[in-house]
Amino acid sequence: MTPIATMRDISKTYTDVPVLDRFNLDIAPAEKVVLIGPSGSGKTTVLRTLMTVEMPDWGDLAVDGVTLHFGDRLGKAPKTSNAVLRAYRSKLGMVFQQFNLFPHMTIEQNLVEAPIHVAGMRRGEAVDLAHRLLAQVGLSDKVKAFPNQLSGGQQQRVAIARALAMNPKVLLFDEVTSALDPERVGEVLEVIRDLSAERSVAMLIVTHEMGFARQIADRTIFMEAGRIVEEGPPEQIFGEAQNPRTRAFLGKMLHP
Amino acid sequence: MNQTMSVLDIVVFVLPGLAATFSILGSAVIVGLALAILAGLGSLSSQRLVRVLCLTYIEVFRGTSFLVQLFYFYYVLPLLGVSLAPFWVGTLALGLNAGSYGAELTRGALLAVASNQRDAIIALNIPRVRAFYRIILPQAAARMILPMGNLLLEMMKSTPLLALVSIADLLYRGQMLIALNGQAPIVYGVLMVIYIAFGWPLARGVALLDACVTRRWGGAHV
């Protein structure tokens with residue numbers, strides 16, 4: 001099957017430290033891919049470059065037929081036009097560790113902002129959509145609240161609804177439960193599980209919740225030092241990992 | 001006139017000075033605010049020329065004494081063929097000076113917002129201009145309430161310096177009265193009470209506004 005998203009030879013260096021070095025990844029439509037690995041292994045950078053929150057130094061990105069070229073070591077590609085970049089980004093949604101809701105807008109305003117001003121939806125339609133999505137994440141009663149009146153878990157569920165409102169082909173989750181109190185982690189994971197069951201959206205998930213990773217993944221990827229060390233179905237990675245580094249990492253995560 | 005004046009007489013005598021002080025302060029606030037926003041934005045511009053111009057303005061006016069700036073406008077500009085009415089000398093000097101400080105506040109507040117909100121703006125694909133005035137600017141404005149309030153208070157307290165270029169402000173009128181009639185302790189006392197009568201409510205109002213915004217939007221704007 002043609003992949004919905006591809007990363008080809010993506011390289012990214014932060015102040016002389018290479019984080020990703022010719023990284024490659026294909027995601028099939030509706031596939032749920034989970035990235036695991038020690039901190040500093042480049043998982044978050046994979047998501048951030050795919051979303052183009054950070055521009056890759058080199059390589060190609062493509063989602064649903066829209067391609068961005070960043071050139072290679074022999075030469076930079078010509079600068080991508082704004083229109084292409086916007087078309088590309090419209091295929092993706094991202095949920096962040098720190099929620100990143102707009103603190104000066106109500107929950108409803110947070111949800112309708114992009115549908116109205118990016119997708120060109122009519123206000124009434126966007127409000128209906130927002131209410132439907134909020135019901136789906138169990139927050140119908142918070143429509144008029146401001147983000148700081150919500151718990152971390154609730155804010156993160158709003159952030160998921162906000163990303164869904166733009167109907168992305170691929171949803172990126174960047175350690176979305178890491179900033180939450182332990183008792184709030186479950187409600188967010190449950191929302192993601194429900195989504196993955198109902199929707200045909202592909203997901204790329206970075207998480208330290210190994211139980212969740214095992215449950216939700218179609219494919220699990222173990223990364224270290226900016227490279228894929230091992231990948232496969234979760235039973236294989238969690239049950240019978242071949243690479244000693246994968247086993248060492250999982251040993252520490254599962255039996256600390 | 002050499003006779004003891006009542007507090008009421010003194011207040012009535014200095015009142016025209018109050019009008020001069022506040023009309024200059026008001027117009028200087030408009031000039032200063034416009035400069036603060038323009039130069040603050042300009043100092044973050046991607047256009048090198050704009051950036052350099054704005055940063056030069058900020059550094060020159062922040063880095064030199066207000067009194068010297070005031071004297072420059074009053075004594076030197078006429079030598080260069082530009083004669084301004086005292087009202088405009090006061091407005092320009094005070095406005096340009098406060099604008100340079102305000103520009104630094106604007107710049108700092110804009111930079112303080114940009115980091116994680118910028119990620120969300122990109123992920124939601126919100127167009128640059130819309131993102132700026134709908135997301136970045138309101139949050140920056142919230143951060144600016146307290147420091148801008150302080151700056152306004154500083155401006156008000158700088159206005160007595162205008163008396164030195166013969167602008168008939170509060171202090172000027174007070175000194176006139178003292179020259180005529182003595183009673184320095186009571187005249188200066190009345191002036192202080194007048195400054196506090198305006199300064200204190202101003203400071204309280206700013207603090208209240210800030211508390212109100214914080215309650216609504218949360219500590220996230222701090």
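We use all heavy atoms of the structure for the numbers below, so side chains are in, but hydrogens, waters and symmetry mates are not. The chains referred to below are lettered A, B, ... by the order of the sequence lines, with proteins before strands, and numbering in each begins at 1.
When heavy atoms are compared at a cutoff of 4.5 Å, B/Arg130 approaches chain A solely by way of its side chain, counted from C-beta outward. Contacts of A/Leu172 with chain B are absent, with no heavy-atom separation under 4.5 Å from either backbone or side chain. For a residue to count as touching a neighbouring chain, one of its non-hydrogen atoms must lie under 4.5 Å from one of that chain's; by this rule A/Arg48 touches chain B with the side chain only. In this structure, the portions of A/Phe102 lying under 4.5 Å from any heavy atom of chain B include both its backbone and its side chain. Interface remark: B/Arg134 contributes backbone and side-chain atoms alike to the contact with chain A (heavy atom separation under 4.5 Å). Contacts between A/Gln97 and chain B at a heavy-atom distance below 4.5 Å are absent for every atom of the residue.
Residues A/Leu139 and A/Ile107 have side chains not in contact (no heavy-atom distance under 4.5 Å, counting atoms from C-beta outward). Between A/Val158 and A/Lys142, every side-chain heavy-atom pair lies at or beyond the 4.5 Å cut-off.
Residue with the most contacts toward chain B among A/Glu113, A/Gln98, A/Met94, A/Met166: A/Glu113 (heavy-atom pairs, distance under 4.5 Å). Ranked by heavy-atom pairs shorter than 4.5 Å toward chain B, the options A/Met105, A/Glu54, A/Gln149 are led by A/Met105.
A donor and an acceptor atom, one from each side chain of B/Thr21 and B/Thr159, are nowhere located under 3.5 Å apart. In this structure, a donor-acceptor pair under 3.5 Å is absent between the side chains of A/Arg89 and B/Asn125.
Side-chain atoms of A/Asp174 never come within 3.5 Å of backbone atoms of A/Thr44 as a donor-acceptor pair (strictly under, hydrogens ignored).
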Q. Can you list the steps and then say if A/His131 with A/Glu108 is a side chain to side chain donor-acceptor pair (under 3.5 Å)?
A. CA-CA 8 Å; A/His131 290 194; A/Glu108 183 178 281; 2.7 Å; yes
